[in-house]
Asker: 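I have a structure here, written as structure tokens, and I will follow up with some questions on it.
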Amino acid sequence: IVADGGSTLVMGMQAYDMVLIFQFFLISIVFEGSSNGIGRATAILFAQEGAKVTITGRNSQRLEETKQEILKSGIPEDNVLAIVTDLTTEQGQDELVNSTIQKFGRLDILVNNAGAAFLDDQGRTGVDQDVSCFDRIMKINLRSVVTLTQKAKKYLVEAKGEVINVSSIGAGPQAQPSFMYYGMSKAAMDQYTRSAAIDLIQHGVRVNSVSPGAVATGFGEAMGMTTGMDEKYFKFMESRKECIPGGVMGKPIDIANVIAFLADRKLSSYIIGQSIVADGGSTLVMGMQAHDLVEIMKS
Ligand code: NDP
């Protein structure tokens with residue numbers, strides 16, 4: 001499935017009176033002129049198409065930057081609800097759903113986008129990676145998706161709404177030894193997407209996901225990588241055809257467009273429980289995962 005993110009999508013989105021929760025929004029620019037991440041790009045895109053958006057993240061400054069970006073395009077302030085919270089907490093999730101309902105009166109679309117990978121503080125990879133990394137990764141990448149979807153279900157059913165999960169090509173089927181817990185969390189998310197889709201479609205709610213390849217965002221910074229390390233990783237990936245045949249890192253808007261397509265029933269109503277891969281061709285050549293990603297960033 002190709003998501004072309006063009007004018008037909010824009011026209012489709014304008015027909016909706018939507019309220020969206022973005023499970024997070026993105027961070028400040030990692031390096032020159034690059035955009036700030038998938039969640040931020042998606043929130044801006046949807047807000048520009050007339051949706052009322054709830055944006056969230058733990059970093060209040062970055063959240064405010066996202067809000068200001070939205071307002072800069074002439075969106076009324078009343079269309080934006082910014083909630084600073086930690087999504088791994090029940091309290092944070094309750095606040096997110098309840099405040100959205102309180103402000104906008106409904107919830108049509110849930111974008112489960114917040115995610116992270118953590119490195120072992122001893123530098124271990126593979127099966128020796130500390131289990132505390134496993135716990136932290138599963139909590140944000142998987143558990144929060146499960147519980148937030150539960151909390152939002154009642155409203156999504158009322159709205160006959162949509163859930164879009166942000167997975168990753170790291171889910172497999174290729175191995176991912178440097179970041180195996182991350183890959184495992186996304187593989188589990190893919191099964192969640194399929195199973196939740198079949199469960200919820202009986203109530204008229206669609207569940208789908210997008211599986212991005214390498215996208216230039218704040219993801220590396222969140223792992224503790226410096227800007228220089230990120231740049232090395234991006235250059236490495238772009239310069240090798242076995243990593244990204246398209247020759248360029250993905251931009252957050254590339255993924256935002258896929259999310260918008262999946263959220264738009266006029267365009268994608270017959271797609272249920274699927275994941276759309278947007279990766280510049282990486283999974284077709286299967287070379288990326290053969291490299292040690294941690295070593296690329298460190299070297
Ligand atoms: P970023 O690090 O730029 O964004 C991650 C976002 O998640 C931030 O806004 C961050 O906000 C939020 N977040 C993380 N932890 C929490 C938490 N505990 N509570 C609330 N918010 C949280 O990364 P991306 O935009 O790249 O990542 C978005 C999604 O895309 C993730 O699920 C990722 O796995 C996926 N993905 C990314 C790829 C890439 O190459 N970039 C490739 C494949 C998939 P804050 O820090 O303010 O809390």
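We count ligands from 1, going down the list as the structure has it; atoms in each ligand are counted the same way.
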Asker: Closer than 3.5 angstrom, by distance alone: can the side chain of D254 be matched with the main-chain N or O of K251 as a donor-acceptor pair?
Answerer: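 Yes, the answer is positive, given that a donor and an acceptor are paired below the 3.5 Å cut-off.
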Asker: Can you name the ring pair (Phe, Tyr, Trp, His ring centres under 6.0 Å) partners of F236, sequence neighbours left out?
Answerer: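 If we apply the ring pair (Phe, Tyr, Trp, His ring centres under 6.0 Å) test to F236, skipping adjacent residues, the hits are H291.
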Asker: Does any N or O in the side chain of S73 come within less than 3.5 Å of the main-chain N or O of I70, such that one atom is a donor and the other an acceptor?
Answerer: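 Flag set: sc S73 to bb I70 pair under 3.5 Å.
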Asker: Is P252 touching ligand 1 with its side chain, its backbone, both, or neither, if touching means heavy atoms under 4.0 Å apart?
Answerer: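 It is neither part, as no heavy atom is under 4.0 Å.
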Asker: Report yes or no: does a heavy atom of K139 sit under 4.0 Å from some atom of ligand 1?
Answerer: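 The answer is no, since K139 has no heavy atom less than 4.0 Å from ligand 1.
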Asker: Compute the shortest N/O to N/O distance between G57 and ligand 1 and return yes if it is under 3.5 Å, no if not.
Answerer: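 Between G57 and ligand 1, no N or O pair is found under 3.5 Å apart.
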Asker: Looking at E162 and I109, would you say the former's side chain and the latter's main chain have a donor-acceptor pair under 3.5 Å?
Answerer: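 No, because the side chain of E162 does not come within donor-acceptor range (under 3.5 Å) of the backbone of I109.
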Asker: Specify side chain, backbone, both or neither for L87, according to which of its non-hydrogen atoms lie closer than 4.0 Å to ligand 1.
Answerer: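 Both parts.
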Asker: So is T217 polar-close to ligand 1, meaning N/O to N/O under 3.5 Å?
Answerer: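 Yes, at least one N or O pair falls under 3.5 Å.
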Asker: What do you reckon, does S168 have a nitrogen or oxygen under 3.5 Å from a nitrogen or oxygen of ligand 1?
Answerer: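 It does not: no N or O of S168 is found under 3.5 Å from an N or O of ligand 1.
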Asker: Does S144 have a non-hydrogen atom less than 4.0 Å from ligand 1?
Answerer: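 For ligand 1, residue contact (heavy atoms, under 4.0 Å) with S144 is absent.
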Asker: Should one rank N59, T42, I169 by closest heavy-atom distance to atom 47 (O) of ligand 1, which comes out on top?
Answerer: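 That would be N59.
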Asker: Is the closest N or O pair between V215 and ligand 1 shorter than 3.5 Å?
Answerer: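 Among all N and O atoms of V215, at least one is under 3.5 Å from an N or O of ligand 1.
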Asker: From the options A214, G170, G213, select the one whose nearest heavy atom is closest to atom 38 (C) of ligand 1.
Answerer: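 When every heavy atom of A214, G170, G213 is considered, G213 comes closest to atom 38 (C) of ligand 1.
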Asker: Between ligand 1 and T85, can you find any atom pair, the residue atom being a heavy atom, that is separated by under 4.0 Å?
Answerer: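 Yes, T85 has a heavy atom closer than 4.0 Å to ligand 1.
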Asker: For G218 and ligand 1, does the shortest N/O to N/O distance drop below 3.5 Å?
Answerer: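 Checking ligand 1 against G218, an N or O pair does fall under 3.5 Å apart.
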Asker: Would you say the rings of F219 and Y233 are close, in the sense that their centroids are separated by under 6.0 Å?
Answerer: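 Ring-ring flag for Y233/F219: false, centres at least 6.0 Å apart.
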Asker: Considering M237, R58, M223, which one's heavy-atom position lies nearest to atom 45 (P) of ligand 1?
Answerer: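 Heavy atom nearest to atom 45 (P) of ligand 1 belongs to R58.
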Asker: Any N or O on G39 sitting closer than 3.5 Å to an N or O of ligand 1?
Answerer: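 Min N/O separation from ligand 1 is not below 3.5 Å for G39.
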Asker: Please determine whether side chain to side chain contact (heavy atoms under 4.5 Å, CB included) holds for the pair I140 and F118, giving the CA-CA distance in whole Å, both sets of side-chain angles, and the decisive distance to 0.1 Å.
Answerer: CA-CA 11 Å; I140 183 62; F118 303 104; 4.3 Å; yes
Asker: About how many Å separate CZ of F134 and CD of Q129, when rounded to the nearest 0.5 Å?
Answerer: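 So the gap between those two atoms works out to 11.0 Å.
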